[in-house]
Novice: 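For reference, the structure I am asking about is given below.
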There are 4 protein chains.
Amino acid sequence: MLCSMPPRSTRRSDAARTAILTAAVELVGEVGYSKSSIEAIATRAGVGKQTIYRWWSSKGSVLLDAYLNANVGGEPEDPQGLPNTGDLVADMRAVLRATVDELNDPRFERPLRALTVAVLEDESLAAEYSRRLDEPMRQMKKERLRAAQRQGQLSPDVDLDAVVDTLFAPVAQRWLLRSGPLTYEYTDHLVETVLTGLPRPGS
Amino acid sequence: MLCSMPPRSTRRSDAARTAILTAAVELVGEVGYSKSSIEAIATRAGVGKQTIYRWWSSKGSVLLDAYLNANVGGEPEDPQGLPNTGDLVADMRAVLRATVDELNDPRFERPLRALTVAVLEDESLAAEYSRRLDEPMRQMKKERLRAAQRQGQLSPDVDLDAVVDTLFAPVAQRWLLRSGPLTYEYTDHLVETVLTGLPRPGS
Amino acid sequence: MLCSMPPRSTRRSDAARTAILTAAVELVGEVGYSKSSIEAIATRAGVGKQTIYRWWSSKGSVLLDAYLNANVGGEPEDPQGLPNTGDLVADMRAVLRATVDELNDPRFERPLRALTVAVLEDESLAAEYSRRLDEPMRQMKKERLRAAQRQGQLSPDVDLDAVVDTLFAPVAQRWLLRSGPLTYEYTDHLVETVLTGLPRPGS
Amino acid sequence: MLCSMPPRSTRRSDAARTAILTAAVELVGEVGYSKSSIEAIATRAGVGKQTIYRWWSSKGSVLLDAYLNANVGGEPEDPQGLPNTGDLVADMRAVLRATVDELNDPRFERPLRALTVAVLEDESLAAEYSRRLDEPMRQMKKERLRAAQRQGQLSPDVDLDAVVDTLFAPVAQRWLLRSGPLTYEYTDHLVETVLTGLPRPGS
DNA sequence: TTTTAAACGAGACGGTACGTCGCGTCTTTAT
DNA sequence: ATAAAGACGCGACGTACCGTCTCGTTTAAAA
């Protein structure tokens, strides 16, 4: 249902589809995930409830589509990939700074948090999320690291997935659990710690 | 709630309190967070709904207390602190392995995931969670790292918070979003990547 | 509700309507007014609570409709009007005897008492009750008295409303407050006292 | 418990008793019967709930005591009995006028209506009500009629209970069901109709 | 073109759970 | 010893949404 579906089963109203996705992001941005009922989305979209149930299996599904729809043509970062100025550390610093900018912007924060809540509660939505949002982003990040390897800025032996995780998961975690402020200071520090390596005495 | 307040407003039933917390963990373990209604918790605890509403402000609050109550005397790891055999890498490997063991055990996983969902949706619960669960754990971890610094296994200049984050956030993130399997292989790799540092060619 | 309004707002389920009214009379007949919760009516009717709240404003409203519905085509007495054998005294005696029969029959007594309680507590329900139950009955009674006037059995000057009140209110009052047994003896006596007039010595 | 109780069982706080009865009348006068909870009465009286439950069996019982307490030393009319100027018709007219004055005065109306609702729903309270309120009043009325009989204004054969009923029940009924305005006109008319007798043509 | 089948808006329906109020009982604290 | 205070298990309140199910009414394809 969510997947591609180019040969549309029957005549589907694109106006309704758009209205629903827009209403969903807006509503979630205003009142949060759990207070955004399907009824409320339908009402705000000027749509019958059935039209939602016809095309999506859950509120989470709507939210996933809505989030993707809102960031069309370019997932958070640039669609063409991460910046590559030749300086890996500087580039990653910039990317992480851009990430915290987004996560600190309520217009992005609220829907993304809502989507994350939905994902946590629904295993199959999690798979969908992984495939359509997480994986593409991870590929972009790994691509940038691979370039750095080619440029000799990173050992070819390093596990790229591990590097991506150690760079981005701390930010995601701090954002999700609000365990601390999301600042450039924090991310810069993180980049340094991870990419510079942990110095041992006498090394 | 747990903290101080010895002159309780009036006599509170400890039987009811315990029954509620127990029922909450059990129920959440059986049917998940969103299907664990307060009504169901009350019924299973043999308690009136009002008794829950009287002492907790939300399902999330109950869950937090319930989780802490279930792990009394010893938060996930040892209460006395993280193991210290003198070998930092080996010890952290063990700790992370223990962590994935827990996260793979439904008896811990379900309630913790439920609690996390609640925390994501409720800012003030997040603060409570940080203070009572996250921070104490972080202190234990930093304590172990500080010992390593004293033993000369870790540079005294390193930012301990950043190290803790890079070690544990990736695991938490992978668990929460189910973006991959939680294996010893993954965590061992992580420890190595983080604690060994990222080697650069020619270094 | 019964009256007019043929272009119903949207499609209303007549099955639900009937089930609710039936359940209401039954329940009230079994456990009395105050113990007949809306919840219980809904359950017995196999209906959601909201379906009751959607169409009625209070338990009393339901009861009024239910009472009218239960006595369709013939309010307590004959639908065509009160009997007219040509003998006013005999006819009124019969009517009052029929009334006490009903009031002594739990199947009628319980719902009617419930309805009356509701009416006492709710001014606007009282108006509805007056209009739809009390007034029609009063008209029938006055019609019979008017016939008696035409037949020369009753002075044309007499206030028919006052006569109706003096004949029926004592019975209603005795029934409501249970201030005495409702017997033929009592009502016969009443008819005689009222219709024969109060003889004074030497008249 | 309800009955007179002059030999008080134990040391009972008269302050509490008075506070409760006062609070009950006031509350019922302000918000009506069904919204006057026992909790609210207790709170307003500055009394523990248990103190109410200890001495009364139901809200209705409290209300009955409260009503009697409020009208101490003189039930509605004069304690010494109904007025007797020697003119029965004039006196009954005056008594009925006084009655409608009371029933039109919210300070009396509200508590009395509340009490009546309670009586309708509770058979044993009805008995209590009859014995302590209704009967004494009826005796006074019959006493006045008996005096009229002695004075030759009323046939000695007439059934005094029936006369009392036909005079007062219509007013009570009209008040309870709000089936019409309670005016002097109405009661004067009633007195005339009942006491003058129903004239027939040619008598 | 006309037909016709679907998707659509609207919203009623049987339900579940919400968070609150009040019931009548029971226990604790402070006179 | 009695009263205030109020927690307790319980049941009902009236509301919000759930997901399903008709209803007419568009509306755009196939006939």
Side-chain angles (χ1 to χ4, degrees), chain A residues 8-17 19-20 34-43 45-55 57-59, chain B residues 7-17 19 34-43 45-55 57-59, chain C residues 8-17 19 34-43 45-55 57-59, chain D residues 10-13 15-17 19 34-43 45-59:
Chain A
R8 205 69 89 352
S9 54
T10 53
R11 269 341 77 196
R12 171 173 183 181
S13 158
D14 245 315
R17 181 175 189 277
I20 289 165
S34 61
K35 273 180 280 187
S36 298
S37 62
I38 290 199
E39 297 223 353
I41 295 173
T43 300
V47 137
K49 273 198 292 179
Q50 199 58 255
T51 304
I52 298 185
Y53 285 112
R54 191 161 17 240
W55 302 107
S57 59
S58 66
K59 196 163 66 174
Chain B
R8 203 87 83 342
S9 54
T10 58
R11 221 81 295 254
R12 169 173 184 181
S13 159
D14 245 315
R17 180 177 189 277
S34 61
K35 271 180 281 188
S36 297
S37 62
I38 289 201
E39 203 135 353
I41 295 174
T43 300
V47 137
K49 269 197 292 182
Q50 198 63 19
T51 302
I52 299 185
Y53 286 111
R54 200 175 353 254
W55 303 106
S57 58
S58 64
K59 199 163 65 174
Chain C
R8 205 90 81 340
S9 54
T10 59
R11 220 92 276 268
R12 170 172 183 182
S13 160
D14 245 315
R17 181 177 188 277
S34 60
K35 272 179 280 187
S36 298
S37 62
I38 289 201
E39 203 136 351
I41 295 173
T43 300
V47 137
K49 269 198 291 181
Q50 197 62 29
T51 302
I52 299 186
Y53 285 110
R54 203 180 343 258
W55 302 106
S57 57
S58 64
K59 198 163 64 172
Chain D
T10 55
R11 230 100 36 93
R12 169 174 182 182
S13 160
R17 181 176 190 277
S34 60
K35 272 179 281 188
S36 299
S37 62
I38 289 198
E39 297 221 355
I41 295 173
T43 301
V47 138
K49 275 198 292 180
Q50 199 59 254
T51 306
I52 298 186
Y53 285 112
R54 196 168 1 249
W55 302 106
W56 290 276
S57 59
S58 66
K59 196 163 65 174

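Residue numbering restarts at 1 for every chain, and letters A, B, ... go by the order of the sequence lines. Everything numeric in this text was worked out from a predicted model, so none of it was measured.
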Novice: Would you indicate, yes or no, if F/dA3 has its OP1 or OP2 atom less than 4.0 angstrom from a side-chain nitrogen or oxygen of D/T51?
Specialist: no

Novice: Rounded to whole Å, please give me the gap between CZ in C/R12 and P in E/dC13.
Specialist: 7 Å

Novice: C/W55 has an atom CH2; how far is it from atom C1' of E/dG14, in whole Å?
Specialist: 15 Å

Novice: Separation of A/I52 atom CD1 from E/dA10 atom P, in whole Å?
Specialist: 12 Å

Novice: Quick one: side-chain hydrogen bond (donor to acceptor under 3.5 Å, both in side chains) partners of C/S57, sequence neighbours excluded?
Specialist: C/S61

Novice: Does a nitrogen or oxygen in the side chain of B/R11 sit under 4.0 Å from OP1 or OP2 of E/dT29?
Specialist: yes

Novice: Who are the side-chain hydrogen bond (donor to acceptor under 3.5 Å, both in side chains) partners of A/T43, not counting sequence neighbours?
Specialist: none

Novice: How many Å lie between CZ on D/R17 and P on F/dT2, as a whole number?
Specialist: 18 Å

Novice: Taking CD1 from A/I41 and C1' from E/dG9, how many angstroms apart are they, rounded to a whole number?
Specialist: 17 Å

Novice: Between C/T51 and C/A16, what is the shortest heavy-atom contact and its length?
Specialist: CG2-CB, 4.2 Å

Novice: Looking only at side-chain atoms of A/A16, point me to the closest of E/dA12, E/dC8, E/dT28.
Specialist: E/dC8

Novice: Residues two or more places apart in sequence or in another chain: which of them pass side-chain hydrogen bond (donor to acceptor under 3.5 Å, both in side chains) with A/E39?
Specialist: A/K49

Novice: I'd like a list of close polar pairs between nucleotides 16-23 of chain E and the protein, N/O only, cut-off under 3.5 Å.
Specialist:
| residue | atom | partner | partner atom | Å |
| --- | --- | --- | --- | --- |
| E/dC18 | OP1 | B/I38 | N | 2.8 |
| E/dC18 | OP2 | B/I38 | N | 3.3 |
| E/dC18 | OP2 | B/E39 | N | 2.8 |
| E/dG19 | OP2 | B/Y53 | OH | 2.4 |
| E/dG19 | O5' | B/Y53 | OH | 3.4 |
| E/dG19 | N7 | B/K49 | NZ | 2.9 |
| E/dG19 | O6 | B/K49 | NZ | 2.7 |
| E/dC21 | N4 | B/Q50 | OE1 | 3.4 |
| E/dC23 | OP1 | D/I38 | N | 2.9 |
| E/dC23 | OP2 | D/I38 | N | 3.2 |
| E/dC23 | OP2 | D/E39 | N | 3.0 |

Novice: Using side chain to side chain contact (heavy atoms under 4.5 Å, CB included) as the criterion, list what pairs up with A/A40, not counting sequence neighbours.
Specialist: A/L27, A/S37

Novice: Using the test side-chain hydrogen bond (donor to acceptor under 3.5 Å, both in side chains), find all partners of D/K59 that sit at least two apart in sequence or belong to another chain.
Specialist: none

Novice: What is the separation between atom CZ on C/R54 and atom C1' on E/dA10, rounded to the nearest whole Å?
Specialist: 13 Å

